Protein chains: 2
Amino acid sequence: MRRIAPDRDGLLAILAEVFREHGYEGASLALIGQATGLGKGSLYHFFPGGKEEMAAAVIAHIDHWFETNVFAPLQDVQEPRAGISRMLQATDHYFRSGRRVCLVGAFALDDARDLFAKEIKTYFSRWVAHLAEALKRTGRGEAQAADLAEETVAAIQGALTLARAFDDTAVFSRALQRERARLAIG
Amino acid sequence: MRRIAPDRDGLLAILAEVFREHGYEGASLALIGQATGLGKGSLYHFFPGGKEEMAAAVIAHIDHWFETNVFAPLQDVQEPRAGISRMLQATDHYFRSGRRVCLVGAFALDDARDLFAKEIKTYFSRWVAHLAEALKRTGRGEAQAADLAEETVAAIQGALTLARAFDDTAVFSRALQRERARLAIG
DNA sequence: ACATCATTGTACCGTTCGGTACAATTCCCA
DNA sequence: TGGGAATTGTACCGAACGGTACAATGATGT
């Protein structure tokens, strides 16, 4: 191949936004073409597998982003509390305080779940597992760490739903604040 | 009119299930016709407004169901704790311990939000408000009651997302158990 | 039995869907 | 400056979409 696709990251970011806004079914190729400025020719050139490949690429892209920006801080062995705090900060930033929806969470609820069940499952289970590990490092027992981790991730997802329903970012901020207190972070 | 529609409740229940499983966009008339056993003729006879009217009717139906089965117990003035407990029980039953998805929550995330923004908002705000009132009756202050109520509803929604992602009802049960403890119900 | 209205099946409408084919263009490197 | 690959626009495909029209059928009260 002569060169890398012109701006794959930017393209994937736009695709992600379309899928977030409209869901898997609702994200038509017309909508995607309009948002990206690319015709079908280009779209199918970059993603021969069509919409499904686009969605898969977007999920993989998000997965990678979370791995390096959200999960990585949780692996700070020296200062687990600071790591958890940075995770919450990155989460708040990524979801734009609730203005943005979690694409993986949205996919989990609609038809797309069947297509991407495995990816959805690993995305959430890694989030929970990494957080539980960090909590153990703060001195909590295995069971309590697992319980707290699951609760926190669920609280984030629920807060996204409610923030969206109320069209109010304060709902999301309050939820993060509560988790911060519950996890005994500053 | 000669008589009431043959079994409107049963019909709405089936419609609700289709919308829950496939989302608003994903619930095609073909799918709906197949699930209900009704042709387009009948469907458009009962819902002249088409898909949008069907979804609106389903939301209203759910709204009514929650009002009488989930919110009503919260208005028990004598025993607010027992009322909250019954609310959680009804919630667990309705969502089939997480096997079922919240249609309103799912609509809040995808395209349907724009069509039903008002209905979605009132559904959740009534849930939160009624729960907050009940919590005040247990002796909590205004602010704490509101905070706890919002947290609980968010936790339920998040647990539904996670239970669906993990395909594991235990996630939902654990979440309800946590809220039960947090709300100081037996 | 009849008139009446509720209910249904079927054929059809225009539009949009995801996807394909392919020629034209653009870009890069030798 | 040319050759070849990367990229793009356009036309097109069959299928499925939501929705409409309407005649046939079913039930009901008189």
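Only this structure's heavy atoms are used, side chains among them; waters, hydrogens and symmetry mates stay out. Only a predicted model underlies this, so the values are computations on that prediction, with no experimental measurement involved. Letters go in sequence order (proteins before strands), and every chain restarts at 1.
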Legend entry - SB check B:R178 A:D147 (cutoff 4.0 Å): yes
Inset, instruction - Using atom NE2 of B:H45 as one end and atom C1' of C:dC5 as the other, report the distance to the nearest whole Å. - result: 9 Å
Inset, instruction - Counting heavy atoms from C-beta on, name the nucleotide in C:dC17, C:dG18, C:dT7 closest to the side chain of A:A30. - result: C:dC17
Inset, instruction - Could you say whether A:E25 or A:G41 is positioned toward the 5' end of DNA chain C, judged by the nucleotide with the nearest heavy atom to each? - result: A:E25
Legend entry - Closest to the A:L29 side chain, choosing from D:dG18, D:dT8, C:dG19: C:dG19
Inset, instruction - Quick one: sort the A:F19 and A:F107 rings into parallel, tilted or perpendicular, breaks at 30° and 60°. - result: perpendicular
Inset, instruction - Would you check, one step at a time, whether the test salt bridge (Lys or Arg N to Asp or Glu O under 4.0 Å) holds for A:E151 with B:R174? - result: CA-CA 9 Å; A:E151 169 177 16; B:R174 280 196 292 269; over 6 Å; no
Inset, instruction - Name the closest nucleotide to the A:F46 side chain, picking from D:dG18, C:dG19, D:dT7. - result: D:dT7
Inset, instruction - Just compare C:dT8, C:dG19, D:dT7 and give me whichever is closest to any side-chain atom of B:L38. - result: C:dT8
Legend entry - Closest listed nucleotide, where the reference is the side chain of B:Y44 and the choices are D:dT8, C:dG18, D:dG18: D:dG18
Inset, instruction - Starting at atom CZ of B:F47, determine the distance to atom P of C:dT8, rounded to an integer number of angstrom. - result: 12 Å
Inset, instruction - Consider the side chain of B:S28, meaning its heavy atoms from C-beta on, and name the nucleotide among C:dG18, D:dA6, D:dC17 that approaches it most closely. - result: D:dC17
Inset, instruction - Specify the separation, in whole Å, of atom CD of B:E52 and atom C1' of D:dC17. - result: 16 Å
Inset, instruction - Let me know the distance between CD of B:E53 and C1' of D:dG19, rounded to the nearest Å. - result: 13 Å
Legend entry - Among D:dG18, D:dA6, C:dG18, the nucleotide that comes nearest once only the side chain of B:K40 is considered: D:dG18
Legend entry - Nearest-angstrom distance from the residue atom CG of A:L43 to P of C:dA21: 17 Å
Legend entry - A:A27 backbone acceptor or donor facing A:K51 side chain under 3.5 Å: yes
Inset, instruction - Indicate whether OP1 or OP2 belonging to D:dT7 is found under 4.0 Å from a side-chain N or O atom of A:S42. - result: no
Legend entry - Pairing of B:R86 and B:D76 as salt bridge, 4.0 angstrom limit: yes
Legend entry - For atom CG of B:D111 and atom P of C:dC17, their distance in whole Å: 12 Å
